[in-house]
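Encoded as structure tokens, the structure appears first; notes follow it.
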Amino acid sequence: MKNFPHSSNTLSVNGNRTLAQVSPYRILLKAGSHLQLLKQVHAHLVTTSRYHHLPLLTKLATSAVSAGAILYAQKLFLSAPTVDSFLLSSLVTTTSKFDFPLHTIFFYRHMLARKISPTNYTYTSVIKASAKLKDLKAGKVVHCHVLANGFRSDEFVQAALVSFYAKIGELEIARKVFDEMPQRSIVAWNSMISGYEQNGFAEEAISLFYEMRELGVQFDSATLVSLLSACADTGALELGSWVHEYVKSNAINLDVVLGTALINMYSKCGNVSKARGVFNVMNEHNVVAWTTMISGYGMHGYGKEAIDLFRLMLNLGMCPNEVTFIAVLSACAHAGLFQEGREALAIMKDYSLVPGMEHHVCMVDMFGRAGLLSEAFQYAKELNPVQPTPAVWTALLGACKMHKNYDLGVEVADNLFVAEPDNAGHYVLLSNMYALAGQMERVEMVRNAMISKGLKKPVGYSIVEIDQRAHLFSSGDMSRPESMAILQFLDELIQQIKEAGYVPFSQAILHELEEEEKEYALRYHSEKLAIAFGLLKTSPGELLGL
DNA sequence: TTAGGGTTAG
């Protein structure tokens with residue numbers, strides 16, 4: 001609730017003048033979104049018989065929406081003696097703005113029922129509400145209304161549609177609307193770029209940005225934020241650094257959103273000190289910025305730095321949320337700081353947070369990695385009556401493998417098998433664990449089960465960036481024209497490192513492969529292919545930034 | 001007599 005200046009419970013306007021002497025509209029403006037005052041005005045309007053005055057009622061209802069009193073606003077509307085287009089379109093736009101999408105649709109239906117013609121403002125609001133509700137059908141219906149009522153070339157409505165389809169994952173439709181726009185606004189470009197990135201098509205997001213630049217369309221901060229996310233997704237450090245330089249040399253305001261996107265990009269691309277550099281020069285830090293930086297430290301094994309930053313955050317009075325705690329616990333797990341992790345989990349309640357399954361997974365992972373296997377197993381079992389999720393068992397299984405405790409590993413694997421019988425990734429973990437425990441008949445059983453169910457483990461990828469272009473490799477990938485050269489070069493490299501003492505660790509891919517196959521899979525692992533390609537295509541030292 | 005579509009962490 002916002003603070004209301006002057007007084008809290010009674011209206012005193014302009015010194016001694018009474019309520020009746022002052023324009024009710026001015027009182028309403030002054031009441032702002034203070035619900036108590038709005039109700040007083042409401043009562044006043046009723047007692048002075050001005051309740052039928054629609055402009056006043058409209059202002060009252062939209063103020064109630066902005067105060068979060070959506071049901072009160074709805075009652076006001078339903079009790080109105082008459083309704084006009086101003087009242088309804090105001091309610092549609094205000095409910096959309098203040099995040100009451102169901103009510104936006106509700107008032108829009110009332111508009112249609114009363115044959116009130118929507119404007120482009122109405123359409124943008126209703127489309128945004130459909131996006132919030134992830135309601136494809138509602139959005140498509142509104143899209144039809146848009147076309148039928150001649151808003152096919154309205155810049156605002158079309159941009160809202162691009163955004164809607166992109167958010168809901170219908171990228172082809174989004175692109176079609178985008179392509180057919182007579183005038184593409186910056187917002188339409190940004191919606192399309194962000195849509196690609198949010199749906200896992202970072203390459204397309206980056207391409208579209210290049211297209212935008214080549215066409216001479218001026219991009220803005222929001223474009224760069226989505227572009228940075230795409231860089232983070234693909235490891236495109238060079239392009240991400242270009243964005244940073246661009247921001248600095250064009251004096252673009254480094255607000256908390258842009259700053260956080262830069263921190264995230266540098267962290268994911270492996271440059272934590274640059275990430276911290278950005279964090280340090282930002283003027284404003286919200287919980288997302290803090291969490292991103294803590295998470296950046298954590299993912300690179302800098303547990304102490306993550307904990308120090310977390311403590312600094314708390315000392316400065318910033319409130320962590322559940323994501324912050326996931327970042328902290330994960331950092332502790334990777335750095336072996338289980339004491340710190342335990343303390344962090346214990347203080348969640350001080351911030352009215354309850355540990356969820358993701359936090360428990362971190363704890364199991366933390367004990368497991370630290371070699372405290374029985375503690376981890378105990379923790380996992382004590383999660384009852386909340387049944388441990390497969391993620392908990394997977395974390396524990398990884399720990400059993402890491403610490404070569406195969407007996408416990410098999411026990412855990414059995415739990416995993418029961419918990420999620422259709423996950424191909426788990427089958428591979430299971431069969432590896434059985435193989436390590438020497439239970440070959442079970443390996444056979446798991447493998448057969450996998451084949452009979454037609455399950456296949458999703459393919460993993462490795463990416464290397466050369467000249468601002470990301471190159472993607474999967475294991476044994478032979479799809480490039482340079483494939484033979486890459487393999488030849490890789491063979492030479494492997495020969496050299498073998499001479500230097502390298503022994504392939506074929507246990508790591510035990511999934512019932514013959515010895516020869518094992519070595520093939522290890523040798524042509526996607527990371528190795530990507531690195532060989534990178535070394536081939538760059539001058540000595542360049543790939544490592546030397 | 002009102003008001004708009006795009007951007008950050010797991």
Side-chain angles (χ1 to χ4, degrees), chain A residues 25 28-29 53-59 61-63 65-66 84-98 119-129 131 154-167 174 177-178 181 184-195 197-198 205 219-230 232 254-265 267-268 275 278-279 282 284-296 298-299 320-331 356-359 361-362 391:
Chain A
Y25 195 77
L28 268 173
L29 282 179
H53 190 249
L54 273 180
L56 281 175
L57 181 68
T58 302
K59 185 66 192 161
T62 54
S63 297
V65 174
S66 70
D84 66 355
S85 68
F86 181 53
L87 173 62
L88 271 167
S89 57
S90 297
L91 282 169
V92 166
T93 50
T94 318
T95 49
S96 178
K97 183 177 171 191
F98 288 95
T119 66
N120 52 358
Y121 282 93
T122 312
Y123 286 124
T124 53
S125 300
V126 182
I127 294 164
K128 192 180 174 186
D154 185 283
E155 178 186 310
F156 288 93
V157 176
Q158 295 302 313
L161 282 168
V162 172
S163 169
F164 165 74
Y165 285 116
K167 282 212 177 90
V177 176
F178 176 77
M181 282 178 76
R184 290 177 206 155
S185 61
I186 175 78
V187 177
W189 281 96
N190 290 350
S191 301
M192 199 64 235
I193 291 175
S194 142
E197 191 279 322
Q198 293 283 321
F219 46 84
D220 65 7
S221 181
T223 324
L224 296 178
V225 168
S226 292
L227 181 63
L228 285 168
S229 295
L254 188 71
D255 64 16
V256 67
V257 178
L258 183 57
T260 305
L262 275 168
I263 295 172
N264 184 44
M265 181 279 295
S267 298
K268 299 254 168 74
V278 173
F279 183 84
M282 284 164 62
E284 185 201 342
H285 300 88
N286 61 14
V287 64
V288 182
W290 283 96
T291 304
T292 308
M293 193 61 239
I294 292 170
S295 162
M299 74 179 69
N321 62 22
E322 51 278 279
V323 186
T324 317
F325 279 97
I326 293 170
V328 170
L329 296 176
S330 160
M357 200 44 77
E358 286 153 309
H359 303 94
V361 171
C362 288

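These numbers come from the heavy atoms of this one structure, side chains and all, not from hydrogens, waters or symmetry mates. This one's a predicted model, so the numbers in the text were calculated from it and none came from an experiment. Below, chain A is the first sequence line, B the second, and so on; all start at residue 1.
Taking atom CG on A:L228 and atom P on B:dT7, their separation rounds to 14 Å, with Å as the unit. If you measure from atom CZ of A:F98 to atom P of B:dA3, you get 10 Å, rounded to the nearest angstrom. The CZ atom of A:F325 sits 17 Å away from the P atom of B:dG10 (whole-angstrom rounding). Summarising the geometry, the separation between CG on A:N286 and P on B:dT7 is reported as 16 Å, rounded to the nearest angstrom. Rounded to whole Å, atom C1' of B:dT8 lies 8 Å from atom CG of A:N264. One interatomic measurement links the two molecules: CG of A:N120 to C1' of B:dA3, which rounds to 10 Å at whole-angstrom precision. We find that CG of A:D220 is positioned 13 Å from P of B:dT8, with the value rounded to whole Å. The distance between atom CD1 of A:I263 and atom C1' of B:dT8, rounded to the nearest whole Å, is 9 Å.
Set against B:dG5, B:dA9, B:dT7, the side chain of A:V257 has B:dT7 as its closest nucleotide. The side chain of A:T93 has B:dA3 as its nearest neighbour among B:dA3, B:dG5, B:dT8. Between B:dA9, B:dG6, B:dT7, one nucleotide has an atom nearer to the side chain of A:T291 than all others, and that is B:dA9. With B:dG5, B:dT2, B:dA3 as the choices, the nucleotide that has an atom nearest any side-chain atom of A:F86 turns out to be B:dT2.
Classified by interplanar angle (parallel below 30°, tilted 30° to 60°, perpendicular above 60°), the ring pair A:F325/A:H359 is perpendicular. In this structure, A:F178 and A:W189 have perpendicular ring planes: the angle between them is above 60°, well past the 30° mark.
Phosphate proximity of B:dA9 to A:K268: absent, as no side-chain N or O sits under 4.0 Å from OP1 or OP2. Applying the 4.0 Å criterion to OP1 and OP2 of B:dT7, one finds that A:S194 has a side-chain N or O inside that range. Note on A:K167: a side-chain N or O is less than 4.0 Å away from OP1 or OP2 of B:dT7. Taking only side-chain nitrogens and oxygens, A:S185 never comes nearer than 4.0 Å to OP1 or OP2 of B:dG5.
At least one donor-acceptor pair under 3.5 Å links the side chain of A:D220 to the backbone N or O of A:T223. In terms of modelled atom types and a separation under 3.5 Å, the side chain of A:H285 and the main chain of A:F279 share a donor-acceptor contact. For A:S63 (side chain) and A:K59 (main-chain N/O), a donor-acceptor pair under 3.5 Å exists by modelled atom type.
Applying side-chain contact (heavy atoms from CB on, under 4.5 Å) to A:S191 and the options A:S185, A:S226, A:S163 leaves one that passes, A:S163.
Residue-nucleotide stacking is present for A:Y121 and B:dG4, judged by a side-chain ring centre under 5.5 Å from the six-membered base ring centre and planes under 30° apart.
Residue A:E284 is classed as having no contact, given no heavy-atom separation below 4.0 Å to the nucleic acid. At a threshold of 4.0 angstrom between heavy atoms, the contacts of A:V92 with the nucleic acid are absent. Within 4.0 Å (heavy atoms only), A:S90 reaches at least one base atom of the nucleic acid. Within the 4.0 angstrom heavy-atom criterion, no nucleotide atom of any strand lies near A:Q158. Counting non-hydrogen atoms under 4.0 angstrom, A:L161 reaches nothing in the nucleic acid. A:T292 comes within 4.0 angstrom of sugar-phosphate atoms only, judged by non-hydrogen atoms across all strands, and of no base.
Between the side chain of A:S191 and the base of B:dG5 there is no donor-acceptor pair of N/O atoms closer than 3.5 Å.
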